[in-house]
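Notes follow once the structure below has been shown.
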Amino acid sequence: MENSEVRTDLDGAAGQRRAATTAGAVMKKLPEVTLAFWVMKVAATTLGETAGDLFAQTLKLGYFLTTVALFLLFVVTLVVQLRSRRYNPFFYWTVILSTSMAGTTMSDFMNRDASAKYLSGGAASLGWGPQGLGLGYPAGAAILISILVVVFAVWKLTGMTFVIRDIVSFRGETLFWTAILVSNTLGTSMGDFLSDSSGLGYAGGAALVTGVLLVLVALMRAPMVSNVLLFWIAFVLTRPLGATAGDFLTKPVAKGGLDLGTAGSSAVLLAVLVGLTGYAHAQQRRRPVPSTVLPPETGEYDDRATERADRV
């Protein structure tokens, strides 16, 4: 979705790079946005939906315990990503997957109340703790949209870029991953609303989101529309696409699904994601690590530093 020629916040990008460049070269840690990127994003978000439901519902751990465990998993994977010195596809997509799984159960915990189901066996059951706030999809989505707006407002105030290929600082990457976690949680709420409450069903909800994404692709050619804005809208919308696709794979036929089960669907999706990530890693090893250099006297960046970078 992102055009490599588009710059909507050059000053922010330059300021971020200038702050991050203390030893000459800046190692880029986020991927290029290509068609393969979007395919992997949909696979990761769909797996996040099926895996989140696998732990919370199929294994009957409940929303509370699963949310705590998956959020801690997100923190661990995020620390690994933040401590990495260069882009590693396995690190990056593991965090995307962990935000998708955590976002699934966080959304369910906010919007639903399954206490009667998970607490009926007593406090000794695995599904201990509160099993949902029962806010409902509209209220839950409104809260998450508000949080996402605040994240982007803080991000804007820092003066750093929203263009992911230009995010090179620790603070910029932290803001990026915060936005990803909130957007994936919001996307789950949107997907569940389309599947459960809108009357469209799982396949209908997925078709609607796919149609909107195709409109965004068409808008890429409109010069008056920011491709950076289109990227973030698409990033949010691929999550409800994954949520509806995941439900379509796992839910009973009587409810409009294929009834493939959360375990089987998750295993197949995991294999697909691992295969795509392995391919991306192999491609990454064949080319130099992207980096930039800021000569103090000019304030410009020398892309020829790429030729001097080590291979992954």
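The shown structure was predicted, so the numbers you read here are calculated from the model rather than taken from an experiment. Because only heavy atoms are used, hydrogens play no part in the values below, and waters and symmetry mates are left out as well, while side chains stay in. In what follows, residues are counted from 1 in the order of the sequence shown.
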Please test Ile96 against Trp177 for side-chain contact (heavy atoms from CB on, under 4.5 Å), starting from the C-alpha separation and ending with a verdict. CA-CA 9 Å; Ile96 291 290; Trp177 288 114; 3.6 Å; yes
Report whether Phe90 and Val95 are members of the same hydrophobic cluster (ILVMFWY, side-chain heavy atoms less than 4.5 Å apart, transitive linking). no
What pairs with Phe248 under ring-ring contact (aromatic ring centres under 6.0 Å, His included), at least two apart in sequence or on another chain? none
Side-chain donor-acceptor pair present, Ser189, Ser107, cut-off under 3.5 Å: yes
Which pair of non-hydrogen atoms, one from Leu186 and one from Ala141, has the smallest distance, and what is that distance? CD1-O, 3.8 Å
Interatomic distance, Leu213 atom CG to Thr238 atom OG1 [nearest 0.5 angstrom]: 7.0 Å
Just jot down the side-chain contact (heavy atoms from CB on, under 4.5 Å) partners of Leu200, sequence neighbours excluded, or say none. Leu194, Ser198, Leu208
Drop me the distance from Ile180's CD1 to Glu173's CD, to the nearest 0.5 angstrom. 11.0 Å
So which atom in Ala56 and which in Thr66 form the shortest heavy-atom distance, rounded to 0.1 Å? CA-OG1, 3.4 Å
Measuring only between side-chain heavy atoms, which start at C-beta, is Leu70 closer than 4.5 Å to Thr104? no
Those residues that, when tested against Val76, pass side-chain contact (heavy atoms from CB on, under 4.5 Å) (two or more places apart): none
Within the side chain of Trp38, is there an N or O that forms a donor-acceptor pair under 3.5 Å with the backbone of Phe235? no
Contacts of Ala206 meeting side-chain contact (heavy atoms from CB on, under 4.5 Å) (sequence neighbours excluded), chain-then-number -> Leu241, Thr244
Check whether any side-chain heavy atom of Phe152 lies under 4.5 Å from a side-chain heavy atom of Phe162, and answer yes or no. yes
Less than 4.5 Å apart, any side-chain heavy atom of Leu216 and any of Leu237? yes
Could you go step by step and tell me if Asn184 and Thr99 meet the side-chain hydrogen bond (donor to acceptor under 3.5 Å, both in side chains) rule? CA-CA 7 Å; Asn184 277 338; Thr99 62; 2.7 Å; yes
Taking side chain as C-beta onward, heavy atoms only, is Gln57 less than 4.5 Å from Thr262? no
Partner residues of Asp108 under the salt bridge (charged side-chain N to carboxylate O under 4.0 Å, His left out) criterion, sequence neighbours left out: Arg112
Nearest heavy atoms of Thr161 and Trp155, plus distance in Å: O-NE1, 3.1 Å
Quick one: side-chain hydrogen bond (donor to acceptor under 3.5 Å, both in side chains) pairs with a partner in residues 89-98, sequence neighbours left out? Thr77-Ser98
Listed once per pair and sorted, the side-chain hydrogen bond (donor to acceptor under 3.5 Å, both in side chains) pairs that draw on residues 263-274, sequence neighbours left out: Thr50-Ser266
Indicate yes or no: at least one non-hydrogen side-chain atom of Asp53 is less than 4.5 angstrom from one of Thr58. no
How long is the straight-line distance from CG of Leu219 back to CG of Leu214, given to the nearest 0.5 Å? 11.0 Å
Minimum heavy-atom separation for Val209 and Pro240, please, with both atom names. CG2-CB, 4.3 Å
Please give me the minimum heavy-atom distance between Gly187 and Ala243, naming the atom from each residue. O-CB, 4.5 Å
In short, salt bridge (charged side-chain N to carboxylate O under 4.0 Å, His left out) pairs touching residues 204-214 with sequence neighbours left out are none
What pairs meet the salt bridge (charged side-chain N to carboxylate O under 4.0 Å, His left out) rule with one or both residues in residues 223-245, with sequence neighbours excluded? Glu49-Arg239
With sequence neighbours left out, write down each residue that passes side-chain contact (heavy atoms from CB on, under 4.5 Å) with Leu97, or none if nothing qualifies. Leu47, Met101, Leu273
Within a strict 4.5 Å, meaning less than it, do heavy atoms of the Phe71 and Leu181 side chains meet? yes
Cluster membership besides Phe91, Ile/Leu/Val/Met/Phe/Trp/Tyr side chains within less than 4.5 angstrom, sorted by chain and number, is Val80
Please list all pairs meeting salt bridge (charged side-chain N to carboxylate O under 4.0 Å, His left out) that have one or both residues in residues 202-225, counting only residues at least two apart or in different chains. none
Show your working on side-chain contact (heavy atoms from CB on, under 4.5 Å) between Asn111 and Asp192 and close with a plain yes or no. CA-CA 10 Å; Asn111 299 325; Asp192 287 343; 5.6 Å; no
From CD (Gln81) to CZ (Phe74), nearest 0.5 Å: 10.5 Å
If two hydrophobic side chains count as joined below 4.5 Å and joins carry through other members, does Val215 share a cluster with Ile233? yes
Could you see if Met40 belongs to whatever hydrophobic cluster contains Tyr279? Use Ile, Leu, Val, Met, Phe, Trp, Tyr and a side-chain cutoff under 4.5 Å. no
To the nearest 0.5 Å, what is the distance between OG1 (Thr178) and CG (Leu148)? 10.5 Å
Heavy atoms of Phe109 and Thr67 approach each other most closely as CB-OG1, 4.1 Å
